[in-house]
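Since the structure comes first, as structure tokens, the remarks are kept for the end.
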Amino acid sequence: MKRRLLSLILCGLMLLGGCGRQAVQEEIWELEEKNVATFSDGETVDRWRGYFENGLQEPWSVYELADGTVLLTEDDVVSVESDTAGYGSLTEEVQAAVSAWYQGEGKYYDLSALLSASYTRWQEQGESFVPGRVGQSTTSTATSGSVIYFTTTVEQAVDPENGQQLRYSAAFDRANGQRLDLWTLFTVPEADARMALAAAAGDDPAVQETLAAAIDPVHVIFFEDRLEVEFPAGSLEGLDTAYILVVDYAQLDGVLASSALPGGAERS
């Protein structure tokens, strides 16, 4: 798919005021980076971005082969600084600490792997090929008296018909911006906290133990009214799709520290 057609399609999908006005303007494509990736057969892919006559630029870039075929569209990262509600409520010192931590984290997806997979799919599908897409955004999802919780969401689809969403959490001390280890937010040892979370899956001890062992702290997502434990596809034997365990904060009474309990939650 050529980049001009792709731009029109993406513009039509975006619910942004003024997108239609931009679509009729002359669009100029500029090369942002050459030879971003080189595949095993020697073919390379470059990154391009579209600009309009009024100076606006597309909020995405495209990865394109020499013949003009777009393999992948990458949305601009929506950084934590864009979260005016949560991040914006922090002091400048704490904001700086949180920003520095996320800058160190970078992107939560492997661009090279996505490009390689898209190239392989293009070779297999030929004219029927539709470009893949990836994007990442970070926003606050909960706050307590002492802690602010952020969640980074990655939407990726090497094949547009089989997209995947992955979420990554991070908790910070609201007083100094220090990144907090998940298990320090509980009043019990890690093993007991894992079992308390897994207990929400039901009364089967075997299931609880399996889930407790498989919990990855970065996939424990805090919201104002609940907590979610995400198990990505493949994280459990036989799990071909993502599984989300929803935990009511009342189930963690005496287990989750009161200072870590989101302000909108109420214990029964």
Side-chain angles (χ1 to χ4, degrees), residues 16 32-33 49 55-57 59-61 74-111 134-156 165-190 192-194 196-197 215-230 232 244 247-250 252-267:
L16 294 178
E32 288 192 326
E33 184 177 354
R49 185 182 296 271
L56 294 177
Q57 67 177 36
W60 61 75
S61 54
E74 182 182 33
D75 294 333
D76 290 345
V77 171
V78 180
S79 66
V80 67
E81 291 85 358
S82 300
D83 175 24
T84 56
Y87 176 86
S89 69
L90 304 173
T91 67
E92 291 186 4
E93 179 181 359
V94 174
Q95 286 181 358
V98 172
S99 294
W101 188 85
Y102 273 108
Q103 288 171 8
E105 289 290 285
K107 295 176 180 178
Y108 281 80
Y109 54 89
D110 187 335
L111 179 61
V134 64
Q136 174 176 312
S137 62
T138 300
T139 186
S140 59
T141 50
T143 56
S144 73
S146 302
V147 184
I148 183 166
Y149 300 94
F150 290 95
T151 299
T152 298
T153 302
V154 174
E155 302 275 0
Q156 61 183 45
Q165 181 189 86
L166 292 171
R167 298 179 299 173
Y168 304 86
S169 68
F172 297 87
D173 188 313
R174 292 178 64 184
N176 56 27
Q178 178 184 355
R179 169 76 161 85
L180 302 173
D181 180 88
L182 172 68
W183 306 118
T184 65
L185 304 177
F186 293 84
T187 60
V188 297
E190 177 182 333
D192 294 336
R194 285 177 174 273
L197 293 173
I215 292 174
D216 186 335
V218 300
H219 294 309
V220 177
I221 315 297
F222 285 79
F223 295 96
E224 289 293 334
D225 61 345
R226 71 193 184 284
L227 179 153
E228 293 184 4
V229 184
E230 186 169 272
I244 297 176
V247 184
D248 190 287
Y249 287 120
L252 300 176
D253 192 17
V255 177
L256 181 65
S258 58
S259 61
L261 179 68
E266 294 183 1
R267 298 194 191 278

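Residues take their numbers from the sequence shown, with the count starting at 1.
Separating the CG atom in Leu227 from the CG atom in Leu256 is a distance of 7.5 Å, to the nearest 0.5 Å. One distance of note links CG of Asp181 with CD of Gln178; it measures 10.0 Å at 0.5 Å rounding. Between the OG atom in Ser79 and the CD atom in Gln103 there is a gap of 8.5 Å [rounded to 0.5 Å]. Note: Thr143 OG1 to Leu261 CG = 10.5 Å, rounded to the nearest 0.5 Å. Interatomic distance, Thr151 OG1 to Ile221 CD1, rounded to the nearest 0.5 Å: 4.5 Å. Here Glu190 contributes atom CD and Ile215 contributes atom CD1; the two are 9.0 Å apart, rounded to the nearest 0.5 Å.
Between Ser140 and the choices Val98, Thr84, Ile148, the side-chain contact (heavy atoms from CB on, under 4.5 Å) rule is met once, by Ile148.
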* To do: Start with the C-alpha gap between Phe150 and Phe222, add the side-chain angles, then the distance that decides, and say whether side chain to side chain contact (heavy atoms under 4.5 Å, CB included) holds.
  => CA-CA 8 Å; Phe150 290 95; Phe222 285 79; over 6 Å; no
* Does the side chain to side chain contact (heavy atoms under 4.5 Å, CB included) test come out yes or no for Val147 and Phe172, once each step is laid out? -> CA-CA 6 Å; Val147 184; Phe172 297 87; 6.0 Å; no
* Steps toward side chain to side chain contact (heavy atoms under 4.5 Å, CB included) verdict (Trp183, Arg194) -> CA-CA 9 Å; Trp183 306 118; Arg194 285 177 174 273; 3.5 Å; yes
* To do: Start with the C-alpha distance between Arg49 and Asp76, add both sets of side-chain angles, then the distance that settles side chain to side chain contact (heavy atoms under 4.5 Å, CB included), and finish with yes or no.
  => CA-CA 11 Å; Arg49 185 182 296 271; Asp76 290 345; 2.9 Å; yes
* Could you walk me through whether Ser259 and Ser146 pass the side-chain hydrogen bond (donor to acceptor under 3.5 Å, both in side chains) test, one step at a time? => CA-CA 6 Å; Ser259 61; Ser146 302; 4.6 Å; no
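No side-chain donor from either of Glu93 and Thr91 sits under 3.5 Å from a side-chain acceptor of the other.
In terms of heavy-atom proximity, Val220 sits nearest to Ser169 at O-OG, 2.8 Å. Here the closest non-hydrogen pair linking Leu90 and Val94 is CD1-CG1, 3.8 Å. Nearest heavy-atom pair, Leu166 versus Pro232, reported as atom, atom and distance to 0.1 Å: CD2-CB, 3.8 Å. Nearest heavy atom pair, residue Gln136 against residue Tyr108, reads OE1-N, 2.8 Å. Summarising the geometry of Ala170 relative to Tyr102, their closest heavy-atom pair is CB-OH, 3.4 Å, with the distance given to 0.1 Å. When all heavy atoms are compared, the tightest approach of Ser99 to Glu81 is OG-OE2, 2.8 Å.
In this structure the side chain of Val229 never reaches within 4.5 angstrom of the side chain of Ile244, judged on heavy atoms.
Within the 3.5 Å criterion, the main-chain N or O of Ser144 finds a donor-acceptor partner in the side chain of Arg174. Judged by distance alone, the side chain of Thr187 and the main-chain N or O of Ala257 form no donor-acceptor pair under 3.5 Å. Under a 3.5 Å cut-off, the side chain of Asp216 and the backbone N or O of His219 do not form any donor-acceptor pair. Side-chain N or O atoms of Ser82 include none that pairs as donor or acceptor with a backbone N or O of Val78 at under 3.5 Å. Using modelled atom types, no side-chain atom of Asp173 and backbone atom of Gly177 make a donor-acceptor pair closer than 3.5 Å. No donor-acceptor pair under 3.5 Å is formed between the side chain of Thr138 and the backbone N or O of Thr153. The main-chain N or O of Arg167 is found under 3.5 Å from a side-chain atom of Glu230 such that the two form a donor-acceptor pair. Of the possible polar contacts, one joining the Tyr149 side chain to the Ala260 backbone as a donor-acceptor pair under 3.5 Å is found. Judged by distance alone, the side chain of Glu74 and the main-chain N or O of Gly135 form no donor-acceptor pair under 3.5 Å.
Partners of Gln156 according to the side-chain hydrogen bond (donor to acceptor under 3.5 Å, both in side chains) rule, which considers only residues two or more places apart in sequence or in another chain, are Gln164.
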